[in-house]
Amino acid sequence: MKKNIASVAVLLLIISHLHAQRSPVDYVNPFLGTATLWDSADIGYKPTHRTWGAEVFPGSSVPNAMVQLSPVTQFHSGSGYQYEDTVIYGFIHTSKGHWNLGYIPLLPVTGAVAADNYGSGYSHQNESAHPGYYQVYLERYGINAELTSTLRCAYHSYTCKTGQPMKLIADLNLSNERVRSWQITQEGENVFTGFQQAGEKMYFYAVTNHKIRNIDSLKGNSKEVPEINFMDGPGPLDLQIGFSFVSIQNAKENLQKEMLGKNFAQVRSEAERTWDKLLSKITVTGGTERQRGLFYSCLYRSFLWPALRSDVNGDFLDLSGKVVNKGFNYYTEPSLWDDYRNKLVLLGLLSPDVTADVIRSLIDKGEKTGFMPTFFHGDHASAFIAGSWLRGIRGYDINSAYHLLLRNATVEGGTRPYITEYMEKGYISTPDIEHPVIETRAKAGVTKTLEYAYDDYSVAQLARALGDTANYRMLMKRTSNYKNVFDPSTGFMRGRLDDGNWVKHFDPEYPYYEYMYREANAWQSSFFAPHDVKGLIGLYKSKDAFEKKLDSLFTLPWDGVEAYNISGFIGQYCQGNQPDHSVPFMYYFVDRQEKSQVILDSIMNHFYGMGKYGLAYAGMDDAGEMSSWYVFNAMGFYPFSPADPNYIISVPLFDKVDLKLGDTLQYTILKKNTGKKISAITYRDKKINGYFITDEALKKGGKLVISVK
């Protein structure tokens with residue numbers, strides 16, 4: 001009898017352990033998004049080149065840090081790391097997941113190596129990653145490398161299993177950008193310093209626990225490669241490195257304030273606690289292990305960019321090249337074309353202080369040029385700043401921001417190319433080219449017209465909030481300009497010539513990088529008017545006609561055209577790029593919410609954790625946009641129009657989602673029953689009419705109950 005009782009107790013303990021919720025940080029897999037897509041069933045066409053599967057880095061960083069410490073397996077290739085590669089060439093200290101950065105690569109070696117042959121093989125069986133930590137065994141040298149980091153500093157710890165003396169290759173000739181100059185100097189027995197200048201100039205100050213014998217040069221392939229030789233020392237070779245974009249002295253101060261005096265375990269533990277504090281602001285209950293793993297991995301990935309550029313003393317290098325100190329943390333520009341849609345809204349929800357400083361940084365840049373900066377295409381600082389202000393985020397000069405955004409919207413020569421033509425004609429024209437191809441370049445006139453109309457709406461909301469009635473009315477008149485590129489004979493947004501006629505050579509299934517559309521085709525571009533969906537639907541004969549058009553978007557097969565940046569299809573809909581990421585919600589506006597949910601669930605089920613290793617996305621993460629799309633939709637609300645302070649409600653993946661907004665405020669989302677169709681929504685026990693909840697209501701706390709059937 002006692003034996004049976006003991007067996008039952010053990011079984012209950014095992015069951016309890018299996019059902020225990022792990023800490024959010026333990027669900028994160030930093031390798032998610034590092035693999036490439038090759039299977040045509042995943043991509044949508046037969047690839048002749050590597051197809052992007054998120055392009056993220058697996059290494060160590062803390063939220064929105066200056067330092068991203070990660071292995072590099074290919075320079076000039078996304079983040080620098082591809083999961084299918086077999087050789088590591090160094091550990092870089094900056095990464096975004098685009099074709100830039102990758103600064104100051106370092107690699108520990110033993111024995112004699114050549115300047116053009118020092119990389120080491122490695123195996124995923126001897127590689128691991130965790131938020132704030134990365135480890136890999138370098139097979140060629142018998143060295144186990146462990147990496148961790150703080151906001152502005154990196155910690156390398158190398159253990160050589162063969163017992164041979166270790167050296168350090170610092171190939172400052174290389175980064176993901178063209179290197180213009182570099183310098184490395186020994187300063188005393190245990191310190192080396194220098195800089196690498198590529199797109200930016202990054203300084204470093206490194207302290208080692210083994211004495212430096214000398215800094216020599218490997219030679220070969222017409223380049224000098226610094227080799228740091230160490231005297232024999234006990235235990236692992238540890239490097240503690242401070243960085244700065246201002247000076248070596250500031251890099252030293254950053255190191256002294258953030259890392260010196262701490263051992264590797266302390267720094268790693270602090271990094272993990274930082275991540276756990278952030279990720280624990282959202283607690284999910286229910287769902288599968290896979291869904292929870294994807295959720296927290298995507299949440300983690302959403303908070304790595306923008307990156308810090310100011311030092312611990314507040315110094316930063318401004319856009320004019322001056323060292324200034326203005327009392328706030330200075331950040332890189334967000335990837336605005338990508339992440340204004342969702343990631344920057346998520347940043348504002350969970351890290352409002354960082355968001356305020358990102359906006360202050362944008363304003364500081366804009367005041368140097370007279371225009372608010374943008375990224376890649378469009379003028380989407382407008383939606384970011386207007387939406388942030390309307391969501392109650394303060395701490396920056398809103399009048400200066402508004403002045404700059406208004407100049408963007410009205411003055412030629414700044415952030416909005418062809419703004420004069422747009423103001424005069426109500427659209428941006430497209431040249432008629434007889435045989436355009438994917439790579440044909442022009443104005444991307446259709447996309448610019450659609451985006452400028454939404455940007456006008458965004459600035460108009462700020463004008464209204466600030467009491468500028470005249471400019472509010474002027475801008476609101478322009479918000480319907482998207483209608484000027486709608487061709488009723490085809491039901492698509494279509495290029496218009498300078499004389500007002502339609503572009504003759506028109507195929508709605510054919511994608512362009514920058515001809516009529518920006519990285520999209522007509523199908524993917526024709527449903528973008530998040531500020532005026534009612535007006536968009538009104539361009540069609542009826543709601544039924546609009547619904548049928550949407551049905552065709554999701555059912556008309558992709559015809560096999562291969563294009564960079566465009567992959568991962570449901571019909572013509574493309575999850576692998578940003579232009580149509582809000583379109584799945586359009587069924588809501590024709591009273592068919594459940595059809596939207598079918599699409600949303602399909603995307604979450606199939607386009608994250610893809611490919612041979614289950615580690616790819618449908619396309620580039622683009623500084624967290626793709627990840628944030630998953631986070632919002634898994635929680636059951638999404639910033640359909642990011643300039644507006646509200647969210648569209650969908651069916652969560654999880655039974656319960658708790659958000660901690662601020663120090664004590666708790667907001668809870670509960671899902672009742674299973675199914676695709678929302679039957680009722682209540683907030684604080686009161687019924688919500690429609691499918692939107694305001695940001696103000698969300699931040700009051702309480703329970704949002706979503707009943708489905």
Testing the basics here: between [X] and [Y], what is the closest heavy-atom pair and its distance to 0.1 Å?
X: G142; Y: Y137; result: CA-OH, 3.2 Å
X: V67; Y: C153; result: CG2-N, 3.6 Å
X: T110; Y: P165; result: CG2-O, 3.5 Å

I'd like to know if the side chain of [X] pairs up with that of [Y] as donor and acceptor (distance under 3.5 Å, no hydrogens or angles considered).
X: H98; Y: N176; value: no
X: T150; Y: E258; value: yes
X: Y133; Y: E146; value: yes
X: S123; Y: Q125; value: yes
X: T374; Y: T415; value: no
X: S297; Y: N29; value: no
X: Q82; Y: T73; value: no
X: Q196; Y: Q183; value: no

Is [X] salt-bridged to [Y], going by a charged N under 4.0 Å from an acidic O?
X: R152; Y: E253; result: no
X: D276; Y: R273; result: no
X: E84; Y: R50; result: no
X: R360; Y: D364; result: no
X: K223; Y: D171; result: yes
X: E270; Y: K262; result: yes

Measure from the side-chain N and O atoms of [X] to the backbone N and O of [Y], and report whether any donor-acceptor pair falls under 3.5 Å.
X: T94; Y: Y103; result: yes
X: Y83; Y: G33; result: no
X: Q68; Y: A65; result: yes
X: N190; Y: V207; result: no
X: N325; Y: N313; result: yes
X: S310; Y: Y330; result: yes
X: S400; Y: D397; result: no
X: N229; Y: K167; result: no
X: T208; Y: L239; result: no
X: N577; Y: S567; result: no

Considering only distance and modelled atom types, tabulate donor-acceptor pairs under 3.5 Å from the side chains of residues 339-347, sequence neighbours left out.
residue: D339; atom: OD2; partner: S335; partner atom: N; Å: 3.3
residue: R341; atom: NE; partner: W337; partner atom: O; Å: 3.0
residue: R341; atom: NE; partner: D338; partner atom: O; Å: 3.4
residue: R341; atom: NH1; partner: Q578; partner atom: O; Å: 3.4
residue: R341; atom: NH2; partner: W337; partner atom: O; Å: 3.0
residue: N342; atom: ND2; partner: E625; partner atom: O; Å: 3.4
residue: N342; atom: ND2; partner: E625; partner atom: OE2; Å: 3.0
residue: N342; atom: ND2; partner: Y638; partner atom: OH; Å: 3.2
residue: K343; atom: NZ; partner: W305; partner atom: O; Å: 2.7
residue: K343; atom: NZ; partner: A623; partner atom: O; Å: 2.5

Validation row, ring centre F57 to ring centre Y81 under 6.0 Å: no

Proximity of W182 and F195 rings by center, below 6.0 Å: no

F264: partners by ring-ring contact (aromatic ring centres under 6.0 Å, His included), with sequence neighbours left out: Y155

Can you confirm whether more than 12 heavy atoms, excluding those of [X], are under 6.0 Å from its [atom1] atom?
X: E189; atom1: CD; answer: no
X: K326; atom1: NZ; answer: yes
X: K201; atom1: NZ; answer: yes

Within 45° cone of F316 ring axis and under 6.0 Å: R309 NZ or CZ: no

Drop me the distance from [X]'s [atom1] to [Y]'s [atom2], to the nearest 0.5 angstrom.
X: Y134; Y: F31; atom1: OH; atom2: CZ; result: 5.5 Å
X: Q240; Y: M259; atom1: CD; atom2: CE; result: 6.0 Å
X: L107; Y: E227; atom1: CG; atom2: CD; result: 11.0 Å

side-chain hydrogen bond (donor to acceptor under 3.5 Å, both in side chains) assessment of S302 paired with S627: CA-CA 6 Å; S302 301; S627 294; 4.8 Å; no

Residues H93, F91; criterion ring pair (Phe, Tyr, Trp, His ring centres under 6.0 Å); working and verdict: CA-CA 7 Å; H93 295 85; F91 301 113; 8.7 Å; no

Pair D311-S244, side-chain hydrogen bond (donor to acceptor under 3.5 Å, both in side chains): steps then yes or no: CA-CA 6 Å; D311 294 321; S244 169; 2.8 Å; yes

F243 and F204 aromatic ring geometry - parallel, tilted or perpendicular at 30°/60° bounds: tilted

